[in-house]
A.B. asks: 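The structure's right below; bear with me while I get my questions together.
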Amino acid sequence: MKGKWRDTLNLPKTEFPMRANLPKREPNLLQWWQEQKIYEKMLAKHRQDPPFILHDGPPYSNGHLHLGHAVNKVLKDLLVKYKALQGHYTPFVPGWDNHGMPIERAVVHQDPEFAEIRHDHEKLRDPQVRIRIREKCRAFAQHWVEIQRKEFVRLGVFGDWEKPYLTMSPEFEGGEIEIFADLVEQGYVYRGRMPIHWCPSCRTALAMIEVEYYEKESPSLFFWVPVRDTKGVIDPDVWLVVWTTTPWTLIANRAFAFHPDYDYVVAEVESAQGEHRKVLLAERLLPVVAEIVGWTSYRKLRRIPGRQLEGLTFAHPIFEDRTSPAILADFVTLTEGTGVVHIAPGHGKEDFEIGRKYGLEVFSPVDEAGRFTAEAGPEFQGLFVGKEGSEKAVEVLKRHGHFLHRETLRHTYPHCWRCKSPLIFRATTQWFLSVDHQNLRHRALKAIESVRWHPPETINRIYNSVKERPDWVLSRQRAWGVNIPVFYCEDCGEPLVDPRVMRHVAQIFKQETADAWYRRPVQDLLPPDTRCPHCGGTRFRREDDILDVWFDSGATNLIVLREENGLRWPSDVYLEGSDQHRGWFNSSLMLAMAERGQPPYRAVITHGWTLDEQGRAMHKSLGNVISPQEVIDRYGADVLRLWVTSSDYTEDIRLGPEILARMVDSYRKIRNTYRFMLGNLYDFDPARHRVPYDRMKPLDRFLLHQYSQLLADLERFYENFEFHRVFHRYFNFVVVDLSAFYLDVVKDRLYTWAPDTPERRSAQTVIYELLRGLLVAFAPVLSFTTEEAWQLLPGDHPESVFLADWPRPEASWHNETLAREFQRLLEVREVALRALETARKDQKLIQDRLEAELLLETQDPDLAALLDRYAADLPEFFVVSGVRRVADLPAETPVVEAGENLRVGVQRKAGQKCARCWMWHEAVGQHPEYPDLCPKCIRAVESLRHED
RNA sequence: GGGCCUAUAGCUCAGUCGGUCAGAGCGCGCGCCUGAUAAGCGCGAGGUCGGUGGUUCGACUCCACCUAGGCCCA
């Protein structure tokens, strides 16, 4: 029998479904948010509140979003929504990074129109070709912006999706030129030479991603050169032993590098021919080198720390009239060679950088086709570098008595992605930003200390990367980017580097995009009266180089965060992956410091990488890649958001099947709790039924205390950016305090008491108050689900959860005395539950807890008093049919469990089971009219009757 | 090879200054309920705190090294 009294109960009712079916439901909510303009209303609501600006780091527009993008944007959204609900004006303008090599490469590679360019790089210099490439790149970028926009929106991220910033927009491209002009004006920009990867066969510079590494055979050459200036450190008859795999670069040798911390040794060696000679090299490598070059014996004469060799000079290996100094460098290793490194600043990256430090000449006598120029001297001019040049170099070494030993070596070597031929380093003229001009580096380092870095230890990464970064190479020899606004005089060849001219160009770009650089004739790009400051010439050609894409993204703060966009500079927060310390955090800082003398952010939050469940990076080859789309399609964006929130993003975070399964479980638990709470508010109108605090039951007041503690913790965790703690704290409250305790305990009151009794309304008031606050406090996380539940919340409330106010507990809810009492009662409850479990399992005394009566024995007078004070509420509290405190438990009590100062016994409750509330009561059967009901239920049923 | 960082139960996370700190929730096992029901409740079993050595009366907590993993750089 389904219970004849069932209809007299107040069972929960709600339209909030248990099954979420988020993949179907979420799109409807998205549409509703859009139609109702909830994001706009949220901004409008906080128009007068203090702004909170999170400046979005622009993702690159060349493919679908991956999990890392999703994590990043969800974290941002979480923070922005929290700040909005807390009462901030929070415009979020998303952006995209559009220019650069990957898109240009994809376009040139895929589009048949550019088939020729792939092999003939010269064609790239044709303005018409450049325009075509840029058009295709622009379309390509726009295509992916649209797709990514949809994917971000689907995640539930709020923002100005209709007017994002794009680095390829005309305003942006023009704005970038203005910044460049400022930097020129202040003297930050200079022209210099530096070696870059160069393909002699394609006659072009290569970007890093165009370089492919394969095995190659190279000469492994040992040579020696006599000391010239001993500085009194070594004898004048000592020869320095050096190793190289690129003999042709010896022509450009400008120094020999030693490691400051390694020990070097002067040794007397004997060759196979019986010749004796004093040599200098790293002590640890002496035996290795002796073996390789065939010294039959060696005798160490003196050990010298590398540090003491700085400043000595040695004969140049190729040119007899030159010498090369000894310098110190940390990159010298003892894994191969002699511990002495041949330095050619024009032909190696490290060589270049150490060369800058020592003021060495960037000598690179090689033309575009990889042939030595006249600068290399008559003997080398016209020879191809590589094999031909190396053979010649060896010949010269031999002639000068510098040759020692030669063999071949297989190693990985950079090759051209296009023609697969080996690359060389060749010095080219580039534009630089001086990092030390106007003390920029120093000022940036100071400024770093004033920024809030989260987690705090990340300050080390940004600090080191700024401290050690070389001058910024601003120029790239590519097509898809913002042109460097420089011209060259056709008469004298001098560059025209004029801020006034640049600002003129900027205005044009702002109207027509940077494509105007090639669409217009040169004269149209210049102010009418422009003359060459060197020779007065009036005819110019344009620079073909474009700006590094890091200049684009580094400038976003200056271009986007403007008052006229409703934003503010500097931003409050940057939030990106940990790779951006060397990237965006760095480039943004440098440009902001140079332009405005302040960092562009007040706080910088860094998150880790997304790994699989075993902690390995996700790779196609490992088959462990999970895309955000598949998570959303299968489980919904809220589950993804919950996962992001639950993970400690300051470290690398993991995702896999089990983690996902756990998140789905957690989601269901939260959802069902919302549902149960909503269900029990079906007849509750807060305006009419709310029970004032001082008339609530103590248990209900205790819950408000717990809730106020929860809110304080959540707020603290949000403010500290510790979102995973928000999740754990919230989830624990839902599971432990609500589902397993309060909501379970209070069911009897909600279901069986007459609907309008103060006891029932008191519980409903608490449930209403908690649910309302819980929804708002978790709206940043479960944006869809909280909104869905919010719509079903009774009483007056804003139309969207995002238009609500952050929950503020009443001061009176905080009640330590009450909390202590209930904490003690909860301890008693634990013992009681164990006793009930024993009674059920071992003794088979009861099955249902409602069949039991608890007997509590304590010698602790305080506890005794406490139990007596709450005697009337204890059956509800333990969900049993009776509770009695006894001085001594009867010896025959079958089940006893002991706690601190406490023993709990269990026995069957006397009387009969009430057919309505299922509690056992002695009085059941005594009422003539209601023989199967207990007194409480009789009262309830009677009162219902009177209402009819 | 260098810089920065991580390593606590199957999972996600707590563990302030070294001494009841080895914890929580989930999952799992067993059971109850059938008036949150593709739900709810209870009890229980799970960890030599990545490894090795050291400092200390005592270390998950300090130091060194190793291993595994991540990001950046070379």
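To find a chain, count down the sequence lines: A is the first, B the second, and so on, and within it residues start at 1.
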A.B. asks: Give the dot-bracket line for RNA chain B from 5' end to 3' end: parentheses for intra-strand Watson-Crick or G-U pairs under 3.5 Å, square brackets for crossings, | for inter-strand pairing, dots for unpaired.
C.D. replies: (((((((..((((.........)))).(((((.......))))).....(((((.......)))))))))))).
A.B. asks: Of the nucleotides C4(B), A39(B), C13(B), which one has an atom closest to the side chain of Ser647(A)?
C.D. replies: C13(B)
A.B. asks: Could you tell me whether Ala329(A) contacts a base, only the sugar-phosphate backbone, or nothing, with contacts defined as non-hydrogen atoms closer than 4.0 Å?
C.D. replies: nothing
A.B. asks: Verify the contact: side-chain N or O of Trp609(A) to OP1 or OP2 of G70(B), cut-off strictly under 4.0 Å; return yes or no.
C.D. replies: no
A.B. asks: What is the ring orientation for Tyr262(A) with His259(A), classed by angle as parallel under 30°, tilted 30 to 60°, or perpendicular over 60°?
C.D. replies: parallel
A.B. asks: Given atom CD of Glu350(A) and atom P of G3(B), what is their separation to the nearest angstrom?
C.D. replies: 15 Å
A.B. asks: Base, sugar-phosphate or nothing for Thr333(A)? Non-hydrogen atoms, less than 4.0 Å.
C.D. replies: nothing
A.B. asks: Report the residue (Asp744(A) or Arg834(A)) whose heavy-atom-nearest nucleotide on RNA chain B is the more 5′ of the two.
C.D. replies: Asp744(A)
A.B. asks: As a test of reading the structure: which of G40(B), G31(B), C72(B) is closest to the side chain of Arg840(A), going by heavy atoms?
C.D. replies: G31(B)
A.B. asks: Is it the case that atom CZ in Arg716(A) sees more than 12 heavy atoms from other parts of the structure closer than 6.0 Å?
C.D. replies: yes
A.B. asks: Atom CG of Asn680(A) and atom P of G35(B): how far apart are they, to the nearest Å?
C.D. replies: 14 Å
A.B. asks: Taking side chain as C-beta onward, heavy atoms only, is Pro470(A) less than 4.5 Å from Val435(A)?
C.D. replies: no
A.B. asks: Using modelled atom types only, decide if a donor and an acceptor are shared between the side chain of His581(A) and the backbone of Ser578(A) within a distance under 3.5 Å.
C.D. replies: yes
A.B. asks: Could you check how far CD of Glu457(A) sits from P of C71(B), rounded to whole Å?
C.D. replies: 18 Å
A.B. asks: When you check the glycosidic angle of G46(B), does it come out syn, meaning within 90° of 0, or anti?
C.D. replies: syn
A.B. asks: Can you measure Leu681(A) atom CG to A36(B) atom C1' for me and round it to whole angstrom units?
C.D. replies: 13 Å
A.B. asks: Can Asp744(A) and Arg849(A) be counted as an ion pair, charged N to O under 4.0 angstrom?
C.D. replies: yes
A.B. asks: Between the base of A36(B) and the side chain of Lys747(A), is there any donor-acceptor pair under 3.5 Å?
C.D. replies: yes
A.B. asks: About how many Å separate OH of Tyr674(A) and CG of Leu792(A), when rounded to the nearest 0.5 Å?
C.D. replies: 13.5 Å
A.B. asks: Just wondering, do Trp918(A) and G35(B) stack (centres under 5.5 Å, planes under 30°)?
C.D. replies: yes
A.B. asks: Touch check for Asn464(A), heavy atoms < 4.0 angstrom, all strands: base, sugar-phosphate only, or nothing?
C.D. replies: sugar-phosphate
A.B. asks: Nearest heavy-atom pair of Phe352(A) and Pro345(A): which atoms, and what distance?
C.D. replies: CB-O, 3.5 Å
A.B. asks: Think Tyr751(A) has a side-chain N or O under 4.0 angstrom from the OP1 or OP2 of A36(B)?
C.D. replies: yes
A.B. asks: Does a distance-only test, which skips hydrogens and angles, find a donor-acceptor pair under 3.5 Å between the side chain of Ser739(A) and the base of A36(B)?
C.D. replies: yes
A.B. asks: Provide the distance between the two C1' atoms, one in G58(B) and one in C13(B), to the nearest whole Å.
C.D. replies: 28 Å
A.B. asks: What distance separates Leu642(A) CG from Phe727(A) CZ, expressed to the nearest 0.5 Å?
C.D. replies: 5.0 Å
A.B. asks: Nearest whole angstrom, please: distance from the C1' of U12(B) to the CG of Leu640(A).
C.D. replies: 15 Å
A.B. asks: State plainly whether the residues Glu658(A) and Arg662(A) are in salt-bridge range, i.e. N to O under 4.0 Å.
C.D. replies: yes
A.B. asks: For Lys357(A), I'd like to know if atom NZ has over 12 heavy atoms of other residues, nucleotides or ligands within 6.0 Å.
C.D. replies: no
A.B. asks: Quick one: label Gly608(A) by what it contacts on the DNA or RNA (base, sugar-phosphate, nothing), any heavy atom closer than 4.0 Å.
C.D. replies: nothing
A.B. asks: Would you tabulate the pairs of protein nitrogen or oxygen atoms and nucleotide nitrogen or oxygen atoms of nucleotides 49-51 of chain B closer than 3.5 angstrom?
C.D. replies:
none

A.B. asks: Is there a side-chain polar atom (N or O) of Arg668(A) under 4.0 Å from OP1 or OP2 of U37(B)?
C.D. replies: no
A.B. asks: Rounding to an integer number of Å, can you tell me how far Leu11(A) CG sits from U34(B) P?
C.D. replies: 14 Å
A.B. asks: Any N/O pairs under 3.5 Å between the protein and nucleotides 64-68 of chain B? List them or say none.
C.D. replies:
none

A.B. asks: Any side-chain heavy-atom pair from Asp638(A) and Arg25(A) closer than 4.5 angstrom?
C.D. replies: no
A.B. asks: Can you tell me how far P in A74(B) sits from the matching atom in A9(B), rounded to whole Å?
C.D. replies: 36 Å
A.B. asks: What's the CD-P distance between Glu837(A) and C33(B), to the nearest Å?
C.D. replies: 11 Å
A.B. asks: Any side-chain N or O of Arg675(A) less than 4.0 Å from the OP1 or OP2 oxygen of G40(B)?
C.D. replies: no
A.B. asks: Testing the basics here: between Leu22(A) and Gly636(A), what is the closest heavy-atom pair and its distance to 0.1 Å?
C.D. replies: CB-CA, 3.8 Å
A.B. asks: Given G40(B), C13(B), U12(B), identify the nucleotide with an atom nearest to the side chain of Ser646(A).
C.D. replies: U12(B)
A.B. asks: Once you round to the nearest 0.5 Å, how far does CD1 of Ile767(A) lie from CG of Leu678(A)?
C.D. replies: 10.0 Å
A.B. asks: I'd like to compare against my own output: the B/S/- annotation of nucleotides 20-27 of chain B with a strict under-4.0 Å heavy-atom distance to protein.
C.D. replies: ----SSBS
A.B. asks: Could you give the distance from CZ (Arg729(A)) to CD (Gln709(A)), rounded to the nearest 0.5 Å?
C.D. replies: 7.5 Å
A.B. asks: With a non-hydrogen cut-off below 4.0 angstrom, is Leu9(A) in contact with a base, only sugar-phosphate, or nothing?
C.D. replies: base
A.B. asks: Of the candidate nucleotides C71(B), U12(B), C43(B), which contains the atom at the shortest distance from the side chain of Ile659(A)?
C.D. replies: U12(B)
A.B. asks: Tell me what Arg19(A) touches on the nucleic acid: a base, only sugar-phosphate, or nothing, going by heavy atoms under 4.0 Å.
C.D. replies: base
A.B. asks: Can you check the distance between G44(B) and C26(B), where both ends of the measurement are the C1' atom (answer in whole Å)?
C.D. replies: 16 Å
A.B. asks: Is Arg916(A) close enough and on-axis enough to Tyr751(A), meaning under 6.0 Å and within 45°, for cation-pi?
C.D. replies: no
A.B. asks: Using a strict heavy-atom distance below 4.0 Å, which residues from residues 846-854 of chain A are in contact with RNA chain B?
C.D. replies: Gln847(A), Arg849(A)
A.B. asks: Please answer whether the main-chain N or O of Val879(A) pairs with a side-chain N or O of Asp748(A) as donor and acceptor at a distance below 3.5 Å.
C.D. replies: no
A.B. asks: Hey, is the side chain of His724(A) poking within less than 4.0 Å of OP1 or OP2 on A14(B), counting only N and O atoms?
C.D. replies: yes
A.B. asks: How many Å lie between CZ on Phe878(A) and P on C43(B), as a whole number?
C.D. replies: 13 Å
A.B. asks: With sugar-phosphate meaning primed atoms plus P, OP1 and OP2, does Arg829(A) contact a base, only sugar-phosphate, or nothing at under 4.0 Å between heavy atoms?
C.D. replies: nothing
A.B. asks: Less than 4.0 angstrom from a charged side-chain N to a carboxylate O is my criterion; do Glu837(A) and Arg840(A) meet it?
C.D. replies: yes
A.B. asks: Expressed as a whole number of Å, how far does the C1' atom of A59(B) sit from that of G3(B)?
C.D. replies: 29 Å
A.B. asks: Between CD of Glu830(A) and CD of Glu897(A), what distance do you get to the nearest 0.5 Å?
C.D. replies: 12.0 Å
A.B. asks: Could you tell me which residues satisfy ring pair (Phe, Tyr, Trp, His ring centres under 6.0 Å) with Tyr574(A), sequence neighbours excluded, listed by chain and number?
C.D. replies: His55(A), Trp584(A), Tyr601(A)
A.B. asks: I need the Leu75(A) CG to Phe723(A) CZ distance, nearest 0.5 Å.
C.D. replies: 6.5 Å
A.B. asks: Indicate, yes or no, whether a donor-acceptor pair under 3.5 Å links the base of C30(B) to the side chain of Lys841(A).
C.D. replies: yes
